[in-house]
Amino acid sequence: MSKTTPVYQTALGPTHPAFKEPIHLTFDITGEKVLKADFAPGQAHRGVEWMGMRRNPIQILYLAERICGICGITHALAFSRACEQIAGIVVPPRAHYIRSICCELERIHSHLLWAGVAAHELGFDSLFYLTWKARERVLDLMEDITGNRIHYAIIQIGGVRRDLDADRIAAIREACGFYESIFGELARCLLDDASIRLRCRDVGVLTAAEALSLSAVGPTARASGVPSDVRADHPYAAYTEIPVDPILPTVRGEGIHGDVYDRIIVRVHEIAQSVQIVRTCLDNLPAGPVLAQPKIAVLLGQLKRAKGEALGMHEAPRGEVAHYVRLDGAEAPASWKVKASSYSNYLSWVPMLVNEQVADIPIIAASIDPCISCTDRVSWTAPGGSGGTLTKEELTRRSVARTREIQAALAAARKEA
Amino acid sequence: MATCPCSAIPWTTLGLDLLAAFGLAFYGIAVGLLFCGVDRVLVARMQSRIGPPVRQPFRDALKLLAKQDLVPANAVSAVFRFAPVAALAAAVSLLFYLPLGGIGAPVFAGRDDAILVLYLLLVPGLAMVVGGFASGSPYASIGAQREMVTMVSYELPLATVILTFAWKLSLLGVEHPFSLSELAAHPVWTTSGPLGIAGAILLLGVMLVVTPGELGRIPFDSPEAETELAGGLLVEYSGRSLALFELAMAVKTVAMCGLMVALFWPGDISSLICWAHPVSRLADFAWFALKSGILMFFGVSLLRAGMARLRITDIVRVYWKWLGAAALLGLALIALDAHLRLG
């Protein structure tokens, strides 16, 4: 590139056909090459935590499920795990297994959804329709098990709300058989296709060192060769008894490139792994109750008396999700903080996008499977249309100012009295 | 005594030409939109969808034509508005030079030069480039740059195919080897040996892959690239102007398929089956449309359903390296065959 080549500032988003949710990516480009990349989240904030801190933990479960439109289990499970630790609730073994089964079924549906979106970003719409058609099977199964396609409402603090009967178990086995039967074709379509390989190999590379230093999680980290997986690192639910080996791109017998193609490999093979885990769970499904405390009023009383703090973690389809909860012996939690998986992965975009072509921006952006509604936690709109995302410093400054304001008002009231 | 210059103009011929021109414009638009509809249904079926009704593109075009035409504040208004008109005009005029089955010789018979057709094929793309640059949007500018590169890329294999055929005709002693009617009258299949036929099959493959590039379809739709550039070249176009571009692309689809039919699959069905005269004309016309449609399936629908969008660098590589090489190999095979047969 000569020095005279003009550099243009261009943006993708906040609304753009490549993104299913609002996010703002800004670029310095010259010709078709990206010189600098940056992003501005905060366009999809809904104040979910604020709402939660005005509700009791059982109500929060349903709110937490609605943080994400795709991972219905993820946030509810992470939140209830935190509450269970604080209140010392012991989840029955059968519930642990049902939780794991639901988690893995959710992973299958989420990864298939991602594969379809990625194919669409590449302009490969046939693959998009076919993967989504395959995804319908697991959505139907979830509806059969839980009553809903998404937002399953199956997690309860201390267990699960619905048991699996013999018919449902047979239905799950059938669905497992279906996914095992199509896996070869799925892998062939997504991994052996020449045009996909051409578009994804050595595109959007994230090295293992970068993944570690930017704290990438989930398939994004694993595709770069970092074997991190909450299911293996901090086992919970049935994963304490069913070991999970993190899937790395080496599963296909190729080296680790840390590119978009590796991210496809990891996700496609995780579908097979999830099917296997579901089968193992069904084979070893213990008998017994599915709830530690079936009476909700009693459970709520237990939670109201509980004091303490905990971090509930879960390996969501996109990677580690963490809910920090503090209960202070009151109806509503004193604190609830959600760390979504995409929050940890956004920063990986920057090294991935630099020096790539404009044409690769959508697939690279999609390759971390960003969930924007999960991630956007703090943003604000001022009267008159201006707004933005608040930094931690600004938030602290504002809250201190607000406290001073209240103190001054109270002092003035005391003087008057 | 000075004669009136008007009397020198052959009014009857001019009138007939005008009639034919309007007729062909309507034919091109109608068949083009029909092809779009068929393509959408075929692709939908390959993607296990039902797809829209075949008449959907007609409805879309009518609706767009009735809609307001928005011109961005920072666009070069006159150029922005003129580009779609130029695109459609060039696409329609392509049809005048093509031997469309049934109506016999092209409307401009005797002037039906293959090189002229190559130039005219470029004009709708150029109009889109000009319109894209004039629309004042960075997405459209990137799209326009990509369109220019794409045009430069597919021109090499396309020109090689045309030149091979013309050269072959010149060997056969045809007076106007670049005339499309002559090309259609001397199909390569009947004048070549096995080597030449192998070469011609290769060239047919090249033409089929050039087609989506000409028409801005996946895998060569990077100038429009919905998920990257939100429509690229066409991002700022709306209403009538967008409709004109879409009609131009529909007509260009007919022209591109018509060119392939003339080169690779000429011949009227009435020469095989005996019909009464007016019926045979209609049958030839329908046969021509059917052949075009079949070629469109392979050149547009099948590729579009089976591939991802290529990056602009890959487009250049595919067209120059792979298709350029394939076209030259086809040329070499046909040359070798002609050499062996004609001594």
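Remember, predicted model here, so these are calculated numbers, not experimental data. Throughout, protein chains are lettered first and strands after them, A, B, ... in sequence-line order, and every chain is numbered starting at 1.
Heavy-atom pairs under 4.5 Å with chain B were tallied for A:Val358, A:Leu122, A:Asp193; the largest tally goes to A:Leu122. Of the listed residues A:Ala119, A:Ala359, A:Ser195, A:Cys189, the one with more heavy-atom pairs under 4.5 angstrom with chain B than any other is A:Ala359. Note on A:Ile196, A:Asp360, A:Leu130: by heavy-atom pairs under 4.5 Å with chain B, the leading option is A:Asp360. For the set B:Gly306, B:Ala308, B:Pro219, the entry with the most heavy-atom pairs within less than 4.5 Å of chain A is B:Ala308. Between chain B and the options A:Asp125, A:Ile361, A:Thr10, heavy-atom pairs under 4.5 Å are most frequent for A:Asp125.
At least one donor-acceptor pair closer than 3.5 Å links the side chain of A:Trp114 to the backbone N or O of A:Ala366. Looking at B:Ser241, its side chain never comes within 3.5 Å of a backbone N or O of B:Arg81 through a donor-acceptor pair. Looking only at distances, no side-chain donor or acceptor of B:Tyr139 sits under 3.5 Å from a matching main-chain atom of B:Glu236.
Within the 4.5 angstrom heavy-atom criterion, only side-chain atoms of A:Gln357, from C-beta onward, approach chain B. When heavy atoms are compared at a cutoff of 4.5 Å, B:Arg49 approaches chain A solely by way of its side chain, counted from C-beta outward. With a threshold of 4.5 angstrom between heavy atoms, A:Leu127 does not approach chain B through any atom at all. Heavy atoms closer than 4.5 Å to chain B are found in the side chain of A:Val203, but not in its backbone. Only the backbone of A:Ala11 comes within less than 4.5 Å of a heavy atom of chain B; no side-chain atom from C-beta onward does. Proximity to chain A involves both the backbone and the side chain of B:Leu310, based on heavy atoms less than 4.5 angstrom apart.
B:Glu214 and B:Thr211 share no side-chain donor-acceptor pair at under 3.5 Å. Side-chain contact check for A:Thr26 and A:Asp38: no donor-acceptor pair (N or O, by modelled atom type) lies under 3.5 Å.
Using bins of under 30°, 30° to 60° and over 60° for the plane-to-plane angle, the ring pair B:Phe245/B:Tyr237 lands in the perpendicular bin. Using a 30° and 60° split on the angle between ring planes, A:Phe128 and A:Trp132 fall in the perpendicular class, above 60°.
Nearest heavy-atom pair across B:Met256 and B:Leu158 is CE-CD1, 4.3 Å.
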